[in-house]
K.L.:
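Okay, here's the structure, questions in a sec.
Residue numbering restarts at 1 for every chain, and letters A, B, ... go by the order of the sequence lines. Owing to the predicted nature of the structure, the values given are computational and were not obtained by experimental measurement.
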Amino acid sequence: MAEADITLSGLTKQFGDMVAVDDLDLEIPKGGFFAMLGPSGCGKTTTLRMIGGFEEPTAGTVNLAGTDVTNVPAHKRDVNTVFQSYALFPHMTVAENVEFGLKRKKVPKAERKQRVAEALELVQLTELANRRPTQMSGGQQQRVALARALVNRPQALLLDEPLGALDLKLRKQLQLELSRIQADIGITFVHVTHDQEEAMTMADQIAVMNEGRIEQLGTASELYDTPKTAFVANFLGTSNLIDAKVLSRSGEMAEVEADGGARLRVPASVLPGSDTEVRIGVRPEKLDLEAIDDGSPSANGDNVILGHITDAAFVGVSTQYVVHTEGGDELQVFVQNSADHPPNLGPGRRVAATWDPTTTFAVNREESDGA
Amino acid sequence: MRTTADRIRTWLLGTWSLLAILFLFAPIFVIVLFSFNDNQGRFNFTWQGFTLKHWKEPFAVAGLGEAMGTSLLIALFTTLIAVALGTFVALALVRYRWRGRGATNGLVFLPLATPEVVLGAALLGWFLTMGLVRGFVTVLIAHVMFTLGYVVITVRARLEGMDTHIEEAAADLGAGQVTTLWKITLPLLAPGLAAAALLSFAISIDDFVVSNFTAGQTVTFPLFVYGAARQGVPPQVNVFATAILVIVVCLMFANLAWQRRAARKEGIPVPEAQPLGI
């Protein structure tokens, strides 16, 4: 991991009895695109506001580029924020908005003009420099907010759900644009969002937050392929979770027994601690279905769970099945509608759900359903 | 198709509106008209011929000019003090949570709800108890006291409609509290401040009841008119009243024009001009 740009240690924020952020430790690497992802009320915005200096932590410290800034007021911190509401100054033109931060830093006029021009060019708003923000569309205002923050060349840029107020098409376009700008200028972006797809598309690293704590930190594929908690498994995409007992842990693959008696293999590396009671998971699109009319299915090394189909929904690219297993679990199965998979399996059909054991993950048993 | 009923309705509505306007404006018209009356004797109640002599010598009546000056000065100081104080009260009420905030919120409006006679009598009693010499200062204190509530209401409404993130954005960009107040908060509050100032000025300059209790030997314009009315109001009073009316109407049109310009600049669609749409 690259050197840390922002370090939070033991960061806690309480509003009365409510703990918004709970003893958070986090290192945000320099120059990356970092996302904080979670449902509303998970403490991600409060955390961002403590980094920006708008909320005072109840306990813990905020460290910015090696300096403790916990007690430094917002206007003296070398970070800039893009607010969800944009918070542009309505009585100033676009250029005056962008120039505001440079004026406060007493940057000489000639340099100011040049940097404002550069910033507006970066967000492709050069023509609108003399307009008022109130005359502009949401997407344009969002770009002004971005230019106004970036022109100061901060240590880090904090983005508080910056695309939340935009429609889907514009959001997609600005996601790409934000990624491009971040790659261009190379400063640390800390992006707060509740949209898992947005976080996965844009960020190098994602911290999934829930109830004031970080559930898991990792790249998009790490979080998706090997979620460590039931919350992460269900917040990012859909998961099938099955309670199981560990039978053996020798070698690379461990063997577990699911409730229905099915013996399944799981990569030993994903099993938490030394518990014998575990909960294993697999993504619906990793499963395959095989009709069994008589006898037993051809296993050839795959994990197999038997059951019958209770629901089948054709959605174009795939067919989504619900399989009721012999152990009493409900499995979601997404099967691609490719040539060798005619959608001919209907409800009531006995099937074997099979999958490659290496795509199995495991989550902590005590943390129940989560999301 | 316009039916007869439609025509009658339109005609009735027009006549009714005209009557209402006449009812409202007739007294004002009389005031303006009688500033040009060539009155004989003390009274100025019957039309006796056109003259400009009162307009040429507005200060001919002893004490009238001074009373007008006193009133203007009190209104000016009242406006300045009430707007400054009221703005900070409004900021404290909207932006901060503190002990006694709820009580202040209620108490600020109390002077607005209290009958002026009660207010005036209470203030008189208070000033007497404190041993203050009644005059310019006591009138000023009284006026600030009862205009403050109007300022707080007006400014508070404007503040509540403001996105608090705008001030946070200013801090984020390196502006300290004082810079944020001057560069961001006050400019955004400007329309509210202007409205509050106009209101305070208007309330102060024509106040009679509270001034009557608290003025002592000081004579304001309304007090002068009241005193003069017993022996016959000199036409110069009409001259001053007309002058104030003309100035106020001009200011209102200027304000309207300014707001329309500002709205156009910010791209807000401006409704078409309406006759008498003040």
K.L.:
Distance check, rounded to the nearest 0.5 Å: Thr188(A) atom OG1 versus Phe33(A) atom CZ?
P.N.:
11.0 Å

K.L.:
Under 4.5 Å from any heavy atom of chain B, what part of Met136(A) do you find: side chain, backbone, both or neither?
P.N.:
neither

K.L.:
Measure the shortest side-chain to side-chain distance between Arg77(A) and Pro154(A) over non-hydrogen atoms and say whether it is less than 4.5 angstrom.
P.N.:
no

K.L.:
Give the interface residues of residues 172-205 of chain B toward chain A, defined by a heavy-atom separation under 4.5 Å.
P.N.:
Asp172(B), Leu173(B), Gly174(B), Ala175(B), Gly176(B), Thr179(B), Lys183(B), Ile184(B), Pro187(B), Leu188(B)

K.L.:
So for Arg148(A), is it side chain, backbone, both, or neither that comes closer than 4.5 Å to the heavy atoms of chain B?
P.N.:
both

K.L.:
Taking only residues two or more places apart in sequence, or in another chain, which ones meet Arg101(B) in a side-chain contact (heavy atoms from CB on, under 4.5 Å)?
P.N.:
Leu93(B), Arg97(B), Trp98(B)

K.L.:
Can you tell which part of Leu88(A) gets under 4.5 Å to a heavy atom of chain B, answering side chain, backbone, both or neither?
P.N.:
backbone

K.L.:
Between Thr104(B) and Gly100(B), which heavy-atom pair has the shortest distance, and what is it?
P.N.:
OG1-O, 2.6 Å

K.L.:
Checking His194(A) now: which residues fulfil ring pair (Phe, Tyr, Trp, His ring centres under 6.0 Å) with it, not counting sequence neighbours?
P.N.:
none

K.L.:
I need the minimum non-hydrogen distance between Leu11(A) and Thr61(A), along with the two atoms involved.
P.N.:
CD1-O, 3.9 Å

K.L.:
Go through the atoms of Asn152(A) and report whether side chain, backbone, both or neither lie under 4.5 Å from a heavy atom of chain B.
P.N.:
side chain

K.L.:
Under 4.5 Å, heavy atom to heavy atom: which of residues 69-81 of chain B reach chain A? Give them by number, or say none.
P.N.:
none

